[in-house]
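Since the structure is predicted, the reported quantities are computational estimates derived from the model, not experimental observations. Order of the sequence lines fixes the chain letters, A, B, ..., with proteins taken first and strands second; residue numbering starts at 1 for each chain.
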There are 2 protein chains.
Amino acid sequence: MMQNRLIETAIDQFGRFGFDGASTRDIARASDTAMSSITYHFGGKQGLYLACADHIAAKLRERHAPSMELTKDAQDLDRESAIERLLAIVDMYAQTMLHQDSKHWARFIVREQQAPTEAFERLYEGAMKYMLTGVGSLLERARPDIPRDELGAMAMLLFGQTLVLRAARATVCKALGTTQLDEAEGAMLRRHLRSNTLAILSGGTQ
Amino acid sequence: MMQNRLIETAIDQFGRFGFDGASTRDIARASDTAMSSITYHFGGKQGLYLACADHIAAKLRERHAPSMELTKDAQDLDRESAIERLLAIVDMYAQTMLHQDSKHWARFIVREQQAPTEAFERLYEGAMKYMLTGVGSLLERARPDIPRDELGAMAMLLFGQTLVLRAARATVCKALGTTQLDEAEGAMLRRHLRSNTLAILSGGTQ
DNA sequence: GTCTATACTACGATAGAC
DNA sequence: GTCTATCGTAGTATAGAC
């Protein structure tokens, strides 16, 4: 499947060098095919770029299907169960951000966030949207003191703690005095992340 | 001062399009000068890029001087004072991330985090390093239960909540159902951020 | 479908006038 | 110091063979 091979390579190159910085010649060469096959399969550089966004959205949906399962029938849960599920979801996000696999597509997404194009719209509509509303419905049970229209804000602040592990990876490594985050550092970060999240979710009533 | 003008424009263009995507022609044109003045002042495109990093580091140090002031003599503080200072610092970071000014250089920094070059080293050594150690010394008083070598991790997780306001701005806007973050949304986010941070910092003892 | 060959455009660097 | 002019390279797109 030449299309998938081109997309995988392109996500890496676009993420690393940006849309203009990446070259279709290099992408084709690294995929062991001719540059013109990009035109054939995707219509051109722009088409390949959008195909990358769709591919990432699909992978995200797939990877976070277990998380989404935990947001089902949220309205029937008591507060403790909702908190427990949110802790599990945050930890899954953290594991994703820590995982090697996220390196390539995270670069792509973070880039799009800075200067959103049509590709961001596809990422949001194709994956992020469902996660945000799912987490929002759990937050509504966990923190009934927060007005409905502020749940999205709270979700993003929670999510920020995991996002930083990718979006500011270079600084995180400096802060930990390491050159990369492996099993030991990851476990420590997740431990603090869990206790932070628990502290946040337990608040608002006392 | 043509150098400053070129740097200001370049930070915007490099942040938007990346190192390769930005063109010295456009940067020069937007600065109302000839392309060859980049060669004259900075030796070339790479020199201009590094000058941008140094410029941002200097601006960051300047802007966060008040924060740094709050980290002085941290070892003499009691826990409540340390927490109060950390809340103030986190809020200042949040204001920076929410502020229009951060838009340009934040793009530049986030890009460097994804694929660090020599420019990241300059950003870290020139600005981030001092902030991290400063916050670390306050955290040591606020959360004496956390081992010393894990304070950097906690600082980054805290910082992540503010970082998300810039690094994932597009998603934050979607989550809030707005197209931009102005005074009202900013105040709401900072309110939640403060209570989240307080909950985190108050933890660890009970 | 995948290749080679080529057309056209834009890039960064540099030389040299002023 | 700042400009114009030009060189060599590398980019995307496309036409056409197989």
- Message: Assess the residue pair Glu125(A) and Arg122(A) against the criterion (salt bridge (Lys or Arg N to Asp or Glu O under 4.0 Å)); give the C-alpha distance rounded to whole Å, side-chain angles, the decisive distance to 0.1 Å, and a yes or no.
- Response: CA-CA 5 Å; Glu125(A) 294 293 332; Arg122(A) 297 195 184 198; over 6 Å; no

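- Within the structure, every pair that satisfies the side-chain hydrogen bond (donor to acceptor under 3.5 Å, both in side chains) test and touches residues 161-179 of chain B, not counting sequence neighbours, is listed here: Gln113(A)-Thr171(B), Glu121(A)-Lys174(B), Ser102(B)-Arg166(B), Gln161(B)-Asn196(B).
- Nucleotide dT2(C) holds its C1' atom 16 Å from the CE atom of Met1(A), rounded to whole Å.
- A salt bridge between Arg107(A) and Asp12(A) is present, with a side-chain N of the basic residue lying under 4.0 Å from a carboxylate O of the acidic one.
- The aromatic rings of Tyr49(B) and Phe14(B) lie perpendicular to each other, with more than 60° between the two planes, well past the 30° mark.
- Distance CZ (Arg5(B)) to C1' (dG1(D)): 15 Å, rounded to an integer number of Å.
- Tyr93(A) and His64(A) have their aromatic ring centers within a separation under 6.0 angstrom.
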- Task: Heavy atoms under 4.0 Å is the rule here; annotate nucleotides 9-16 of chain D 5' to 3' with B where the base is hit, S where only the sugar-phosphate is, and - elsewhere.
- Result: --BBBBB-

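- Distance, Ile27(B) CD1 to dG12(C) P: 8 Å, rounded to whole Å.
- When the C1' atom of dG12(C) is taken as reference, atom CG of Leu48(B) falls 12 Å away, rounded to whole Å.
- Put simply, the residue from Leu86(B), Ile83(B), Ile146(B) that forms a side-chain contact (heavy atoms from CB on, under 4.5 Å) with Leu139(B) is Leu86(B).
- The side chain of Tyr40(B) contributes no N or O atom lying less than 4.0 Å from OP1 or OP2 of dT2(D).
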